[in-house]
Amino acid sequence: MRIAVFASGRGSNLQAIHDATLANDLQGVSLALLVCDRPDAPVVEEVKKRGIPAFIFSPQDYADKKDYEIVISEKLKTAKIELVVLAGYMRLVGSVLLEKWEGRMINLHPSLLPLFPGIDAIGQAWRSGAKETGVTVHFVDAGMDTGQIFLQQKISVDPEDTEVSLAKKIHSLEHQLLPKAIQKFQQEM
Ligand code: GRF
């Protein structure tokens, strides 16, 4: 199964997915394309080192979302992508991609959705005083973190936790859960 990852930042989840494919933890999965909307994002350097093909664009070079999503669609088609994985892609997906990829596009979110959608989900959970939080992988729809939940895992917020230690726990959980979700998609969908 050929997958594309969309990312805008660090790319630690892209690295976790790629490592899993190399270690054969994700058998039969090939990370065939990065789509990135920020040419200066660290993930761009990372895919260069790893030899992963990339489409890197600046949204301001296009008239609107529709325009750049048409180009992304073509790139996905050429790369024969079967599943799109949003891992820190800091944009709402528009109608061009949603129409083509509904049911084949998943997003990673660092909370137990429907709790704490949107930005700074870890900080939101921390400030709420919740005793547990977690990570969600869900199908993408037109809303912000609103699509059908595909896989979720909880962790406890312990008395000795700080916001920083909680963020670390969440990120390492993400690095495990996202490859698991891709495997589940491959087996079930
Ligand atoms: C992750 O916490 C993900 O849940 C959120 O953005 C972050 C991306 O991290 N949507 P990275 O770029 O994969 O390191």
Side-chain angles (χ1 to χ4, degrees), residues 3-23 25-26 29 31-50 52 54-57 59 83-94 97-98 101 105-128 130 132-155 157 161-185:
I3 69 168
V5 172
F6 286 28
S8 306
R10 206 160 52 118
S12 67
N13 285 285
L14 173 138
Q15 294 177 47
I17 295 168
H18 191 231
D19 290 346
T21 63
L22 298 180
D25 291 340
L26 262 180
V29 175
L31 205 182
L33 186 67
L34 164 74
V35 172
C36 178
D37 61 330
R38 292 197 189 157
D40 59 348
V43 69
V44 172
E45 276 307 307
E46 195 56 44
V47 295
K48 260 190 212 157
K49 276 191 236 155
R50 290 170 181 253
I52 299 166
F55 171 58
I56 297 144
F57 68 101
L83 170 68
V84 170
V85 178
L86 308 188
Y89 181 63
M90 302 303 284
R91 284 177 189 278
L92 276 178
V93 173
L97 285 173
L98 284 173
W101 288 90
M105 182 181 270
I106 56 176
N107 178 49
L108 173 69
H109 186 76
S111 77
L112 285 181
L113 289 173
L115 293 176
F116 313 122
I119 58 161
D120 190 24
I122 300 172
Q124 290 185 54
W126 173 253
R127 288 188 293 276
S128 80
E132 62 178 20
T133 182
V135 172
T136 304
V137 178
H138 64 91
F139 288 102
V140 176
D141 65 11
M144 170 93 83
D145 306 319
T146 50
Q148 192 198 326
I149 291 169
F150 185 55
L151 193 62
Q152 215 166 29
Q153 198 170 327
K154 288 181 188 168
I155 50 163
V157 183
D161 270 326
T162 60
E163 190 174 350
V164 172
S165 71
L166 179 62
K168 268 194 191 149
K169 281 182 1 188
I170 292 275
H171 292 312
S172 57
L173 182 58
E174 288 186 315
H175 299 158
Q176 292 162 29
L177 196 72
L178 190 52
K180 266 191 211 161
I182 294 166
Q183 191 168 47
K184 180 172 148 85
F185 186 93

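Numbering of residues begins at 1 and proceeds along the displayed sequence. In each ligand, atom 1 is the first atom listed, and ligand 1 is the first ligand listed.
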I'd like to check [X] versus [Y] (side-chain heavy atoms, cut-off strictly below 4.5 Å). Are they in contact?
X	Y	value
I106	L83	yes
D120	R127	yes
F6	V84	yes

Hey, is H171 one of the residues with a heavy atom under 4.0 angstrom from ligand 1?
yes
Does ligand 1 have any atom sitting under 4.0 Å from a heavy atom of A7?
no
Closest protein heavy atom (residue, atom, distance) for [atom]:
atom	value
atom 9 (O) of ligand 1	N13 ND2, 3.6 Å
atom 10 (N) of ligand 1	L108 O, 3.3 Å
atom 6 (O) of ligand 1	G88 CA, 3.4 Å
atom 3 (C) of ligand 1	E174 OE2, 3.2 Å
atom 14 (O) of ligand 1	S12 OG, 2.6 Å

Atom indices of ligand 1, in the order listed, that fall short of 4.0 Å to a heavy atom of R10
12 (O), 14 (O)
Ignoring hydrogens and angles, tell me if any N or O in the side chain of S111 forms a donor-acceptor pair with the backbone of F116 under 3.5 Å.
yes
Should G11 be counted as touching ligand 1, given the test is an N or O pair under 3.5 Å?
yes
So does D161 pair up with K168, basic N to acidic O under 4.0 Å?
no
Working to the nearest 0.5 Å, report the span between CG of L31 and CG of L26.
9.5 Å
Show your working on side-chain hydrogen bond (donor to acceptor under 3.5 Å, both in side chains) between Q15 and H18 and close with a plain yes or no.
CA-CA 5 Å; Q15 294 177 47; H18 191 231; over 6 Å; no
